[in-house]
Protein chains: 4
Amino acid sequence: MSISYNRVVLVGRLTRDPEIRFSANGTQVSVFTLAVDRPMRTDINDSNNTDFIRIVSFGKLAEFVSNYLVKGRLVLVEGSLRIRKWKTQDGDPRTTTEVVANNIRFMETKSQANVDTEGPLIDENVKPVDDDITFFGSESENTDSDDIPF
Amino acid sequence: MSISYNRVVLVGRLTRDPEIRFSANGTQVSVFTLAVDRPMRTDINDSNNTDFIRIVSFGKLAEFVSNYLVKGRLVLVEGSLRIRKWKTQDGDPRTTTEVVANNIRFMETKSQANVDTEGPLIDENVKPVDDDITFFGSESENTDSDDIPF
Amino acid sequence: MSISYNRVVLVGRLTRDPEIRFSANGTQVSVFTLAVDRPMRTDINDSNNTDFIRIVSFGKLAEFVSNYLVKGRLVLVEGSLRIRKWKTQDGDPRTTTEVVANNIRFMETKSQANVDTEGPLIDENVKPVDDDITFFGSESENTDSDDIPF
Amino acid sequence: MSISYNRVVLVGRLTRDPEIRFSANGTQVSVFTLAVDRPMRTDINDSNNTDFIRIVSFGKLAEFVSNYLVKGRLVLVEGSLRIRKWKTQDGDPRTTTEVVANNIRFMETKSQANVDTEGPLIDENVKPVDDDITFFGSESENTDSDDIPF
DNA sequence: TTTT
DNA sequence: TTTT
């Protein structure tokens, strides 16, 4: 253990509805991909100008994610960058890059989310909810983030 | 182009001296790996508790990196998270995760850096430099970050 | 000079149109107040739940502010916190708290800004502009931030 | 309640040992001032180049502050910017600017802290403690931050 | 694989 | 009022 700090703040849109899982001890885990466009630049022709970033959450924050976030919604994600090395069943090395979220906030109201899109952006199975709910997770709830096979 | 934001702040130590390259148009590119320890937690036995994060810089910031940063030095890096997809010569898909730095600052003086370590932490080929220099890079200098083959 | 870091990120709405000034050497200075609501909490009855934060910008960033930002617009401001002590003409001590911006980004499109409000949110004297422009200022442009009497 | 975000990250040194208070309901409150030097600039002669920023913490984070932080120690503070308006006993309006901390981390080891200074930087009444302890507070513990008269 |  |  040494002196360190690791903080990421992202604003972007979910590319799909979140995936829900449960760890061995029953903690909920929610995962989604955030599309974060790079700022436009006039000096280069950057055809590949979006970063697709995996966002993982645990516990109560994961419940918030599965209850309220859907494909296309604009959110701010605060968390820390984690680079995990693991092996496939064949023993091939892989690296997973993800942001472990500890705070997620809407960056548009539900009505804005609907105004901006055609078609069923909002999954009607999701419980109704007031706009602009913010959820604060705490790291202490992420009790077994490194044990979970996902 | 859409609404977005992408900001990363890291504090950690260089695992090696930086690597220096030059892009086709002569812009300097400096690359190093930052070891960022995760905060200790009493509730899990996390044997793999450090993230090793690739840090890329361009232009004048890259010159600062190559002039003043060496293996072991504690620095704060501010930048944005970039996930690049590319292919090997064999056509295999690869993903590179890196932080494109736009600001790097010492988090210890040169004398602290030397006190904390045994052996030749400071490469004597590096020009002498006053403690605590800070360098601010600007995104506008990173003129061809996506053209560079590295 | 010592080891230090100072970074602020805010999302909120302008309480009025920006004020424009010019420093002695001709650099443009733009100032506005950002209303930043505190996250709602169920455990307290917090009647005074918005922070009103003065945002100062210089040079090209100040031009962006005066050209594109108006009362009510939702923006993300990145900068550093500055606490200035000064005296009134009567010699009374005063303190000014402000965030010196180095990056400002829209957090809603112009069409969303208009959908969300009643009345003339957008000043029609402002030049027309594409949605979602982002402006990056650099600290090196803020050449005389401490000389300016405002 | 609207869309908002408020995040501050500071690195600097305590100007004095923290002050300890207790709220009506027994929650501990710790307060200190952080000296944050501005980055040096060659283009101006900035004689007043340090921001002195009030840092407030509550609950377990406040206990960490009172147990481990002393005058001169280099720390990273993460929190949110709060601007409170209040009146003196004479009815004069006052404004208090402070950062409500939710995470504080050492930016130097205890041995570095001692190496860097002459004289009794470390108050010997403070309980001995391992280097590099990090404390994470959660906002939910700051249960009555707006009720406290300090 | 991808959001707007 | 101030840290290094």
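We use all heavy atoms of the structure for the numbers below, so side chains are in, but hydrogens, waters and symmetry mates are not. Lettering of chains follows the sequences in order, A, B, ..., and the numbering in each one begins at 1.
- For the side chain to side chain contact (heavy atoms under 4.5 Å, CB included) test, residues two or more places apart in sequence or in another chain that qualify with D:Lys85 are D:Ile83, D:Thr95.
- Atom CD1 of A:Ile53 and atom P of E:dT1 are 17 Å apart (whole Å).
- When each of F:dT2, F:dT4, E:dT3 is scored by its nearest atom to the side-chain atoms of C:Ser2, the top-ranked nucleotide is F:dT4.
- Using bins of under 30°, 30° to 60° and over 60° for the plane-to-plane angle, the ring pair C:Phe106/C:Tyr68 lands in the perpendicular bin.
- Nucleotide E:dT2 holds its P atom 15 Å from the CZ atom of A:Arg38, rounded to whole Å.
- Side-chain atoms of A:Arg13 lie closest to E:dT3 of the nucleotides E:dT2, F:dT2, E:dT3.
- Protein atom CD of D:Glu19 is 15 Å distant from nucleotide atom P of F:dT3, rounded to whole Å.
- Looking at residues two or more places apart in sequence or on another chain, you find no side-chain hydrogen bond (donor to acceptor under 3.5 Å, both in side chains) involving A:Thr15.
- Between the side-chain ring of D:Phe52 and the base of F:dT2, a stacking contact exists by the 5.5 Å and 30° definition.
- For C:Asn6 and F:dT4, the CG to C1' distance is 16 Å, given to the nearest whole Å.
- Residue side chain D:Arg16 does not reach the base of F:dT3 through any donor-acceptor N/O pair under 3.5 Å, judged by distance alone.
- Between the side chain of D:Thr50 and the base of F:dT3 there is at least one donor-acceptor pair of N/O atoms closer than 3.5 Å.
- Distance CD (B:Gln112) to P (F:dT4): 13 Å, rounded to an integer number of Å.
- Between B:Ile83 atom CD1 and E:dT1 atom C1' there is a gap of 14 Å when expressed in whole angstrom units.
- To the nearest angstrom, C1' of E:dT2 lies 14 Å from CZ of A:Phe32.
- F:dT4 atom P lies 16 Å from atom CZ of D:Phe106, rounded to whole Å.
- For the side-chain contact (heavy atoms from CB on, under 4.5 Å) criterion with A:Val75, the lone passing option out of A:Val65, A:Leu14, A:Ile55 is A:Leu14.
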